[in-house]
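The structure appears below as structure tokens.
All values below were derived from every heavy atom in this structure, side-chain atoms included, with hydrogens, water molecules and symmetry-related copies excluded. None of the values given here were measured: they were computed from a predicted structure. In what follows, chains carry the letters A, B, and so on, assigned in the order in which the sequence lines appear, proteins first and then strands, with residues in each chain numbered from 1.
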Number of protein chains: 2
Amino acid sequence: MDQKDFLTNIAFDSVVFGFSGGALKILIMEYHNTGFFALPGGFVQRNENLNDAVRRGLKERTGLDNIYLEQFYTFGDTARYKPEIMQTILESGNYSLEKYEWLLDRFISVAYYALINYKDVVPQPDALSDSCEWYDIDALPPLILDHADIVAKALQTLRDNLDRKLVGMNLLPARFTMNDLQKVYEAILGEKIRRTTFQRKMLSLEILKRHEKQYLGKAHKAPYLYSFEV
Amino acid sequence: MDQKDFLTNIAFDSVVFGFSGGALKILIMEYHNTGFFALPGGFVQRNENLNDAVRRGLKERTGLDNIYLEQFYTFGDTARYKPEIMQTILESGNYSLEKYEWLLDRFISVAYYALINYKDVVPQPDALSDSCEWYDIDALPPLILDHADIVAKALQTLRDNLDRKLVGMNLLPARFTMNDLQKVYEAILGEKIRRTTFQRKMLSLEILKRHEKQYLGKAHKAPYLYSFEV
DNA sequence: TATTTATTGTCTCAATTTGTGACAATAATA
DNA sequence: TATTATTGTCACAAATTGAGACAATAAATA
């Protein structure tokens, strides 16, 4: 974590979406003894592609390779430069201010969102943080810097992309019911969808494979299980 | 243009779209005595918002304030790091390699596209360049680094946004005919559009104001002139 | 075992949007 | 005055979407 290994003035932040209990969630880190909550992020090595740096960071936090990832905006306002926050974080973690002085400089941050299968992940804190945990998108703690703006823009971009990209595939397990899929769409859009219209639309896309094996255990007609045809 | 005034490792590039003679065009700079063609770009001052830096750069190239601007992607592959190109540019311009050594470092570039009214602009070269000129989007010279990729992604984003943003407003003069507007859409999409459907759709948006004053001079029924209501 | 409950998969019909061509109107030209 | 090229609008077909109806059925209940 030496200055000479990393590009200066540039960082990245990730909004990692998961779906569980009918709600959309994201990963938030809490720093040691500071009460500061933030998005997982990191810095770009001098010999590393930007996209690879983000994947490296996500691998450390989630253990996953091959995560679905979309870059959506780069945040570069001077208002996001608040060195006292990083200073507090470093001091609370007993890090040398001289050695890590470069972290107190201004950073422009490239923001990505990731979609992952909630159950595949055991979130891992990094050296500076106490925890890395899922938070319901509607019940986030107060976040440092402009991270609330980053989350808001990530969610807006996800909504805008909902019809164009295969969102469900990345947020659900391999097999799921039509109702599971609808719940994902409703959580992202923040509103109810008409069941029959949704079912017709999804089937007409011809990207779903229907399996005869059915999900049982409830007091009603058993739904088909589906998977995405890739 | 001193290192201490600017953020390091971060730059921006702009794809400036204009519309003339039925074709979509963009601004390209040519550097002194190098045969290098590139997008207009620049660097971010330490006390300056990223978006403001881009506006400053565009103002220098076009003379315009209040340009319509959209950030669309940040390019950060190591493959775009080719210091010998910047070195050639500096040497050809008789600039001191010591003083501008920081320009030979790796840069991650935040890319924007701008939409402007072609007739409002007299493109201005900067100190390092011979020319800043309009090129038809289908007849660009070979561009340095990954600038061809940047242009391709800008055009794709513009197409994707065509239905959601008021593209025509920024590429046309204040008053225009329905046919002018259709030509803009066709140039961006790269395909023909059905006239009656387009007209119906545009009118149904209720963002066009029809003026009784008509455009004359052709051997057929004179079309209405329109402007955007905002 | 028979009945009830909740949800699923599919169908139908209405409402809306889009595709396609027809046609009268008209400014300039021949 | 007739012709030409293009415009604004309409009419109808085709496709998509909205909204509800209904039979099917796995489990719970009586």
Item to check | Electrostatic pair B:Arg55-B:Asp65, nearest N-O below 4.0 angstrom | outcome: no
[atom1] of [X] versus [atom2] of [N]: gap in Å, rounded?
X: A:Glu212; N: C:dG9; atom1: CD; atom2: P; result: 11 Å
X: B:Lys192; N: C:dT20; atom1: NZ; atom2: P; result: 16 Å
X: A:Lys218; N: C:dG9; atom1: NZ; atom2: P; result: 14 Å
X: A:Gln199; N: C:dC11; atom1: CD; atom2: P; result: 11 Å
X: B:Phe198; N: D:dT6; atom1: CZ; atom2: P; result: 17 Å
X: B:Lys221; N: C:dT29; atom1: NZ; atom2: C1'; result: 18 Å

Checklist entry - Want to settle it: does B:His220 or B:Arg210 sit nearer the 5' end of DNA chain D, counting the closest nucleotide to each? => result B:His220
Next on the checklist: Need to verify one output field. Residue with the more 5' nearest nucleotide on DNA chain D, B:Ala219 or B:Tyr226?
Outcome noted: B:Ala219
Checklist entry - Looking for any heavy atom pair under 4.0 Å, which part of the strands does B:Thr196 touch: base, sugar-phosphate only, or nothing? => result base
Could you tell me whether a side-chain N or O of [X] sits under 3.5 Å from a main-chain N or O of [Y], the two making a donor and an acceptor?
X: B:Glu229; Y: B:Ser227; answer: no
X: B:Arg61; Y: B:Gln124; answer: yes
X: A:Glu48; Y: A:Gln45; answer: yes
X: A:His211; Y: A:Leu225; answer: no

Item to check | Qualifying residue for ring pair (Phe, Tyr, Trp, His ring centres under 6.0 Å) with B:Trp134, from B:Phe17, B:Tyr118, B:Phe19 | outcome: B:Tyr118
Item to check | Face-on cation placement of A:Arg210 at A:Tyr224 ring, 6.0 Å and 45° thresholds | outcome: yes
Checklist outcome for this item: Looking only at C:dA25, C:dG9, C:dA27, the nucleotide nearest the A:Pro223 side chain is C:dG9
Checklist outcome for this item: Reading nucleotides 12-17 of chain D from 5' to 3' and marking B where a protein heavy atom lies under 4.0 Å of the base, S where only the sugar-phosphate is that close, and - otherwise, the string is -----B
Checklist entry - Out of A:Val54, A:Asp13, A:Ile150, which one pairs with A:Tyr112 under the side-chain contact (heavy atoms from CB on, under 4.5 Å) rule? => result A:Val54
Checklist entry - Run the side chain to side chain donor-acceptor pair (under 3.5 Å) check on B:Ser129 and B:Asp126 step by step: do they pass? => result CA-CA 5 Å; B:Ser129 55; B:Asp126 67 11; 2.7 Å; yes
Checklist entry - For DNA chain C, which residues in residues 172-185 of chain B have a heavy atom at a distance below 4.0 Å? => result none
Checklist entry - Can you find a donor-acceptor pair, distance only, under 3.5 Å between A:Arg195 side chain and C:dG9 base? => result yes
Checklist entry - So, is B:Arg194 near the phosphate of C:dT20, with a side-chain N or O under 4.0 Å from OP1 or OP2? => result yes
